[in-house]
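Computed from a predicted structure; not experimentally measured.
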Amino acid sequence: MSARPVPGDEVATTDAGLRPQLAELIALRQSGVQGRLARRGQYAVSGRAASSLRGRGMEYAESREYVAGDDARHIDWKLTARTNATHTKTFQTERERVTLVVADTSAALYFGTRVRFKSVQAARAGAVAAWSALRDGDRLAALRGSHQQPLVPPAAGTRGVLRVLDALVRWYAQPPADDAGLQLALERAARVLHPGARAVVLADPASALAVPAAVWSALCMHVEVQLILLVDPLELAPPTCVLPVATSAGRMQFDLGAPGVREAWHEALIGPVETLLRQLPGRRIKVLPLATDEASDAWVSGSGGRLS
């Protein structure tokens, strides 16, 4: 693969195009971030932060004496027994959004012909998403399709971002042996995310197209979904020539000038992108193609995805 730099999009080291580097993901903090980070008040981050109001949310806040009209289902029986006075539990109203980075780690991503592998661009796009979520005051989490790899649990602030970046570096260093597919990752995401959350999905087009429509529908029912499709310029605009390819079975040649070969190429590599762009927006999913030679924050403004 070539390693020519893109103006305004620096490659941190000579190895960065092959494997993501934590330092380069940290350096993307200002990339694609318009506006300022969430302001800190005297005690906490302002914006989508946990409210000081006491309501019937998900997080336990305190127990107080029972008053007429309180829900009997929330009586604190242990405290009631200790004090001989009826007490009820109150809960903190949840106002803080979770942004979940969902990583496709299929083998097709560990490939690239311009600037960097698609896997590296996925890690960089995920880093941009994480830093942007920090700006918005969100908590950060991440997961991939694996039966063994646990969810990177939600955490706020820079600590939450760094945990996600560390996971992206590990997951995209090489194809994980336990990859169980994007569909499993999306099914897990639909189970763990609460209404109002955001999911940023990093995926190869073929992986995304293989996911049943019902899985996408279940995820986007109450969650904002952004799908970043990682593509390579050679996939989108193949040259009209004989292309030599090395495979495990030996060297092969594709005559990309032959109509049948170009049609098969289009169906396998360009067709999935076109299909996803046509179908998923109808399910309120934002589909954002991102090529390996583009700035890693190009998807933020929707300027990525140069389809030919």
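A donor atom on one side chain and an acceptor atom on the other are found under 3.5 Å apart for Ser106 and Ser207. A side-chain donor from one of Ser217 and Arg283 sits under 3.5 Å from a side-chain acceptor of the other. Using a 3.5 Å distance cut-off with no hydrogens or angles, the side chains of Thr292 and Arg114 do not pair a donor with an acceptor. For the residue pair Ser296/Gln121, the side-chain donor-acceptor check at 3.5 Å is satisfied.
Side-chain contact check for Leu100 versus Leu143: some heavy-atom pair is nearer than 4.5 Å. Counting heavy atoms from C-beta on, the side chains of Trp171 and Val169 never come closer than 4.5 Å.
Checked by atom type and distance alone, the side chain of Trp131 pairs as donor or acceptor with a backbone atom of Leu25 at under 3.5 Å. Within the 3.5 Å criterion, the main-chain N or O of Cys220 finds a donor-acceptor partner in the side chain of Arg284. Between the side chain of Glu263 and the main chain of Gly260, no donor-acceptor pair closer than 3.5 Å is present. Asp293 places no side-chain N or O within donor-acceptor distance of the main-chain N or O of Val115, the cut-off being under 3.5 Å.
Residues Val128 and Leu22 share a hydrophobic cluster, clusters being chains of Ile/Leu/Val/Met/Phe/Trp/Tyr side chains in contact below 4.5 Å.
Of the inter-residue distances, the one linking Trp299 atom CH2 with Ile228 atom CD1 reads 4.0 Å to the nearest 0.5 angstrom.
Ring geometry for Tyr172 against Tyr110 counts as tilted: the plane angle lies between 30° and 60°, on a 0 to 90° scale.
Salt-bridge formation is not detected for the pair Glu294/Arg124: no Lys NZ or Arg NE/NH1/NH2 atom is positioned less than 4.0 Å from an Asp or Glu carboxylate oxygen. The existence of a salt bridge linking Lys89 and Asp76 is excluded, since no basic side-chain nitrogen approaches an acidic carboxylate oxygen closer than 4.0 Å. Ion pairing between a basic and an acidic side chain is recognised when a charged N comes within 4.0 Å of a carboxylate O; Glu224 and Arg97 show such pairing. Looking at Asp136 and Arg198, a side-chain N of the basic residue comes within less than 4.0 Å of a carboxylate O on the acidic one, giving a salt bridge.
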